[in-house]
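Notes for the one structure printed next.
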Amino acid sequence: MEGRVAQRLRGALGPLGFEVHAFKVGWYNAVLQPAFHLPYPDDTLAFVVLSTPAMFDKALKPFVNKERLKIIRDPVDQCVSHYLSRVKEKFPDQKVDVIFDYEILPSRKPKFLAQTAAHVAGAAYYYQRKDVKLDPWGGKKIYGVCIHPKYGGWFAIRGLLLFPDIQVPFLEQSAPVDCVSTEEKRTELLEQFNFHWQDGRYRDIIEVKERYSEEQKAYFATPPAERFRLLGLTQEAQ
């Protein structure tokens, strides 16, 4: 069952520059405190959705050109929301729940922890402080970061698709590729991500197959309120 669903999702989202990776809700809940659990049975089928560098040209620009007058908040969030909601039409007989990376609970907690989901689904390795044995940071707060085996840090985790009526007790878990495998590189990665993230060097911690275009880099480096201009949208649309 999982294979058929995955195939249909990849057929719909792959050409738009998205990747989907299957996981069981139980794998995700097992590594988190109850406050962050997804409220579904352990064997429920879920997919984490990533955007790759190709999404900018294949999904965002066409979406903006078509929906120009309807864009009122962040164009990327609206674009992702549009395409993931449309995926539901591919499954007329199934209930499909979508959770977006930008959604938060009344408690201000995110609705799901994106990097944990990517890790348990085998999509990208979530490097954290505990992955460094000789920790040089003392009392500083150090955030972890996901690295994709093909795109390094040039990707984003956009949402979850959950199929509450599909139980997959026999789904096998694939471990994410540990592509930053030396202690030295992991230290460098967390150092760059936490203290120099603006320059984006952490994204190239490994040899990548594809990265954001100059246009896309400029877009994401621009403060959200000014991005409308870059896409040729007027502020009125906002």
Side-chain angles (χ1 to χ4, degrees), residues 19 21 23 25-38 48-53 74 76-77 99-160 173-212 216-227:
E19 265 186 16
H21 298 263
F23 68 98
V25 166
W27 303 343
Y28 173 90
N29 287 349
V31 295
L32 291 171
Q33 294 154 338
F36 289 106
H37 284 185
L38 292 168
V48 65
V49 181
L50 315 180
S51 61
T52 74
D74 184 84
V76 174
D77 288 350
I99 308 176
F100 298 104
D101 67 305
Y102 52 82
E103 290 186 280
I104 51 174
L105 296 161
S107 64
R108 311 297 299 158
K109 283 194 178 90
K111 280 198 175 178
F112 78 101
L113 298 182
Q115 305 206 98
T116 301
H119 187 95
V120 300
Y125 200 106
Y126 184 23
Y127 292 98
Q128 300 175 74
R129 190 172 191 160
K130 62 180 171 57
D131 295 309
V132 173
K133 290 186 190 69
L134 299 166
D135 181 325
W137 299 293
K140 290 179 184 161
K141 173 103 176 106
I142 296 295
Y143 293 95
V145 60
C146 270
I147 294 295
H148 189 286
K150 190 171 164 191
Y151 304 115
W154 300 101
F155 78 102
I157 302 155
R158 298 295 180 187
L160 297 184
Q173 189 166 10
S174 345
V177 179
D178 179 5
C179 47
V180 186
S181 48
T182 69
E183 175 84 0
E184 195 185 351
K185 276 287 188 199
R186 289 176 179 188
T187 307
E188 188 189 332
L189 169 65
L190 292 177
E191 181 74 24
Q192 286 182 3
F193 179 69
N194 280 274
F195 306 112
H196 311 283
W197 62 269
Q198 292 94 331
D199 66 21
R201 275 180 308 160
Y202 79 89
R203 297 175 187 270
D204 285 312
I205 194 75
I206 60 167
E207 194 71 38
V208 299
K209 304 270 190 296
E210 201 184 334
R211 51 171 67 84
Y212 292 174
Q216 186 169 182
K217 281 185 208 165
Y219 178 82
F220 287 115
T222 302
E226 291 159 39
R227 291 175 180 175

Is there a side-chain contact between Glu103 and Phe112 in this structure, where contact means two heavy atoms from C-beta onward sitting under 4.5 Å apart?
no
Does the side chain of Trp27 come within less than 4.5 Å of Thr116's, by heavy atoms?
no
Could you check if a side-chain atom of Asp131 sits within less than 4.5 angstrom of a side-chain atom of Asp178, using non-hydrogen atoms only?
no
Are any of the side-chain heavy atoms of Arg158 and Leu50 separated by less than 4.5 Å?
no
Spacing of OH belonging to Tyr125 relative to NE2 belonging to His119, to within rounding of 0.5 Å:
5.0 Å
Does the salt bridge (charged side-chain N to carboxylate O under 4.0 Å, His left out) test come out yes or no for Glu188 and Lys185, once each step is laid out?
CA-CA 5 Å; Glu188 188 189 332; Lys185 276 287 188 199; 3.5 Å; yes
Would you call the rings of Tyr202 and Phe193 parallel, tilted or perpendicular, where under 30° means parallel and over 60° means perpendicular?
perpendicular
Nearest 0.5 Å please: distance from the CG atom of Leu190 over to the CZ atom of Arg129.
9.0 Å
Tell me, yes or no, whether the heavy-atom count around Gln198 atom CD, taken from other residues, nucleotides or ligands under 6.0 Å, exceeds 12.
yes
State, yes or no, whether a side-chain contact exists between Val208 and Phe155 at a heavy-atom distance under 4.5 Å.
no
Using a 4.5 Å cut-off on heavy atoms from C-beta on, say whether the side chain of Gln128 contacts that of Tyr126.
yes
When you measure from the side chain of Tyr28 to the backbone of Leu113, do you find a donor-acceptor pair of N or O atoms at a distance under 3.5 Å?
yes
Does the side chain of Trp137 reach to within under 4.5 Å of the side chain of Thr187, using non-hydrogen atoms?
yes
What's the spacing between Ile147 CD1 and Gln115 CD if we round to 0.5 Å?
9.0 Å
Do Lys209 and Trp154 come within less than 4.5 Å of each other through their side chains, counting heavy atoms only?
no
Contact summary for Asp74 and Arg227, nearest pair of heavy atoms:
OD1-NH1, 3.5 Å
Considering residues, nucleotides and ligands other than Tyr143, do more than 12 of their heavy atoms fall under 6.0 Å from its OH?
no
On the 0 to 90° scale, with breaks at 30° and 60°, tag the His148-Tyr151 ring pair as parallel, tilted or perpendicular.
tilted
Backbone N/O of Asn29 and side chain of His37: donor-acceptor pair under 3.5 Å:
yes
Closest heavy-atom pair, Val180 versus Tyr127, reported as atoms and distance to 0.1 Å, is N-OH, 2.8 Å
Output yes when a side-chain donor or acceptor of Glu183 lies under 3.5 Å from a complementary backbone atom of Leu134, and no otherwise.
yes
